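Read the structure below first, then the notes.
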There are 2 protein chains.
Amino acid sequence: MAMNDKTPPDEGVEQANGGEANPPTLKTIAFMTGLGVTTVSRALKDAPEIGAATRQRVQLVARQIGYRPNRAGVRLRTGKTNVISLVLDTEEQVGGFVSDLIYGISEALAQTPYHLVVTPYSRNNDPLEPVRYVVDTASADGVIISRTEPDDKRVRYMSERGMPFATHGRTHMGIDHAFHDFDNYAYSVEAVKKLAALGRKRLALLAPPSSLSYYHHMRDGFADALMEHGLSEVPFPTATVDHSIEDIRKLTADLMRRPNRPDGFVSGAGAGTFALVAGVEDAGFKLGQDIDIVSKQSSKLLHLLRPQLYVVNEDVRLAGAELARAVIGRIAGRDIASLQSLSTPSAVEAYDA
Amino acid sequence: MAMNDKTPPDEGVEQANGGEANPPTLKTIAFMTGLGVTTVSRALKDAPEIGAATRQRVQLVARQIGYRPNRAGVRLRTGKTNVISLVLDTEEQVGGFVSDLIYGISEALAQTPYHLVVTPYSRNNDPLEPVRYVVDTASADGVIISRTEPDDKRVRYMSERGMPFATHGRTHMGIDHAFHDFDNYAYSVEAVKKLAALGRKRLALLAPPSSLSYYHHMRDGFADALMEHGLSEVPFPTATVDHSIEDIRKLTADLMRRPNRPDGFVSGAGAGTFALVAGVEDAGFKLGQDIDIVSKQSSKLLHLLRPQLYVVNEDVRLAGAELARAVIGRIAGRDIASLQSLSTPSAVEAYDA
DNA sequence: GGCAAGAACTGTAACGTTACAGATTGAATC
DNA sequence: GATTCAATCTGTAACGTTACAGTTCTTGCC
């Protein structure tokens, strides 16, 4: 049995043995077990043509010495990066939104070999650029994007090139893909219903920018519910949740000083609601008296701002976890239909003292 | 001139040329220029022993065909990952804090070849674990950590093993290292000074958890300034900025109902201040009248919560950018002393209507 | 006893890059 | 004309992994 013709992994290195131990590789295990590297490699991934005894022996040794596959080696050989890329707009307004998304994703990735890489872009630049980078350099196995548009270039790009991805928000472009979304239609329906029940008649909507998909959902729900309850809309077109706090505040105050001011607001974002409230009060009106506001929030701060606010909670952390599961599902080749989820808003909550 | 003995990069692949083009490699450029891969490699990194004409020719071709070095190849050969790892506590309370940190880091990394990998851990587990993982598997060239402690195991671990890193916050353990910190000592000195000027006498501090470095800075500044202005402290030991909004609120209300309640608060975190205000009002007291509060904030929401609040802004995005610059500096072997920065708090701001 | 077939294992090559040790020039020096 | 030298270029090997094409050995069958 020619066992000693295996080359020990550190041969040629003259350092004393007390020096830094290099991380173990397949070669290390091969040397320790007297097997070939190929056998070790296959034994570690439970290949069928490896004997049960050998497999167990290899896995035991690997565990003992704390073997971890070298990511660069695997990536170079197989092309598998074990990376999920989160493409983020770094101009994103305030709020723990992005933090929560990242926490949710991390949570779901923790049990997997995947690392999370944040790929930023500036809203001023082309949103397609970071996606193109990731796809062209194959620097991730899957991508998560947010700020989804109804006809989204990024979705088309990734679809055409077979890059697995999941979107935060839906599209309407005839391409089926994994997504997670908050049901903003249901949200604004519930919000309007609440305001109707409070006797409000003329409602305004602080909407997302009209380029984004959820603008349409929110707007449609708003319009349908207005119709159903026989209420009217006070247009508030210039302001969106993407505007700065100062802008929204000023636009709101202006709106409130008009003769046909609204007596109810539906707000699409927690931070925007801070500005709404300030604008309303700047104009001299009182929340819960002259006007009522229903807002979405991802943090829990709105009721501390004003207890008169009505809120619906959006669990962004959950969204992150769902998105991570969805991309991983796509990478594993799972069925798209099973990787699409919609989060139903909870009931509108009044402040509970 | 034997030029055609170079092997074209796609030899052996039977696909028609109309198929997907594989990303160009050094071999591609070598083939196109008629040079050897080694020459191409060196030409691209401006090595001195390559002729000026050749260098330009190679770089031109590389640019034209959109060559990008394969990260796995570089990483495997050199050990350089071109990755910065941000180690994050995923239990972090609320606030755009982490978002801003990430945006700041991304901003600074955008001009470099570095990718940002988020390495999460749960506060319940050992904070050393993710750091050990990154160091042991050499999965990043540099690390950024936050929630720094005066005697920080992670700092020791990375120091001893020569992993470049930067900390958000300082340590006091006789190890010199790169950091960025907000001057929380100066902050609480200014905060107390403001409250003294307002005629407040009995101050309480909503501090960070006592395990963290900035607890001590904030506390020392608080104590020194109390002394200087002849004010007294109302102990508020159980509550920290890490507690939930609900907990802080309740503890604050309890405190305010005591006979020796404070007439001024210094708050170490924006989200905590939301809870402070709620607790104060729960107990029936009025901000600006019975009590004044000075708070740090990283978002701009506090003055919308209550205009009576006094705020100091902490630019976390800047902190992120500084931290990124600091780690990169360490990786480049720059002097530690030049990679330590302290951000001086701006003046205490009252609401400016 | 000879042979086929499977089980269990092995070596080689390749992914893309760079370190290292040459090789090939042409010009300058003696 | 030979020798040295610098300038410029090149091939080979290796980083750690896996696909592929063997190789060896045992066992069963005729």
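Predicted model only: the values in this text are computed from it and were never measured. We name chains A, B, ... by the order of the sequence lines, and we start the count at 1 in each one.
- For the atom pair A/R71 CZ and A/L76 CG, the distance stands at 14.5 Å (nearest 0.5 Å).
- Ionic pairing of A/D126 and A/K153 is present here: one or more N-O contacts between side-chain nitrogen and carboxylate oxygen are shorter than 4.0 angstrom.
- Remark: C1' of D/dT10 and CG of B/L26 are 14 Å apart, rounded to the nearest angstrom.
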Taking distance alone, no hydrogens or angles, what donor-acceptor pairs closer than 3.5 Å link side-chain atoms of residues 51-62 of chain A to residues at least two apart or in another chain?
from	atom 1	to	atom 2	distance (Å)
A/R55	NH1	A/A47	O	3.1
A/R57	NH1	A/T33	O	3.3
A/Q59	NE2	A/A43	O	3.1
A/Q59	NE2	A/D46	OD1	3.0

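- In this structure, A/Q56 atom CD and C/dA8 atom P are separated by 13 Å, rounded to whole Å.
- Between A/R132 and A/E129, no side-chain nitrogen of the basic residue sits less than 4.0 Å from a carboxylate oxygen of the acidic one, so the salt-bridge criterion is not met.
- Rounded to whole Å, atom P of D/dC15 lies 18 Å from atom CG of B/N70.
- Mapping B/P48 and B/T78 onto DNA chain D via the closest heavy atom, the residue that lands nearer the 5' end is B/P48.
- Taking every side-chain heavy atom of B/R77 into account, D/dC15 is the closest of D/dT10, D/dC15, C/dT10.
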What N/O pairs connect the protein and nucleotides 21-26 of chain C at under 3.5 Å? Give each pair on its own line.
none

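- Aromatic ring orientation, B/H115 versus A/Y133: perpendicular (interplanar angle above 60°, classes split at 30° and 60°).
- The distance from atom CD of B/E49 to atom C1' of C/dT18 is 12 Å, rounded to the nearest whole Å.
- Between A/F179 and A/T148 the shortest side-chain heavy-atom distance does not fall below 4.5 Å.
- Between B/L76 atom CG and C/dA19 atom P there is a gap of 13 Å when expressed in whole angstrom units.
- The interatomic distance linking A/L35 (CG) with C/dT10 (C1') rounds to 10 Å, in whole Å.
- For D/dC9, the OP1/OP2 oxygens have a side-chain nitrogen or oxygen of B/T54 closer than 4.0 Å.
- Ranked by how close their nearest DNA chain D nucleotide is to the 5' end, B/V37 and A/G73 are led by B/V37.
- Using a 4.5 Å heavy-atom cutoff, the side chains of B/V155 and B/I145 are in contact.
- Rounded to whole Å, atom P of D/dG16 lies 16 Å from atom NZ of A/K45.
- Distance A/K80 NZ to D/dG16 C1': 17 Å, rounded to the nearest Å.
- Contact annotation: A/S41 side-chain N/O to D/dT17 OP1/OP2 distance is not under 4.0 Å.
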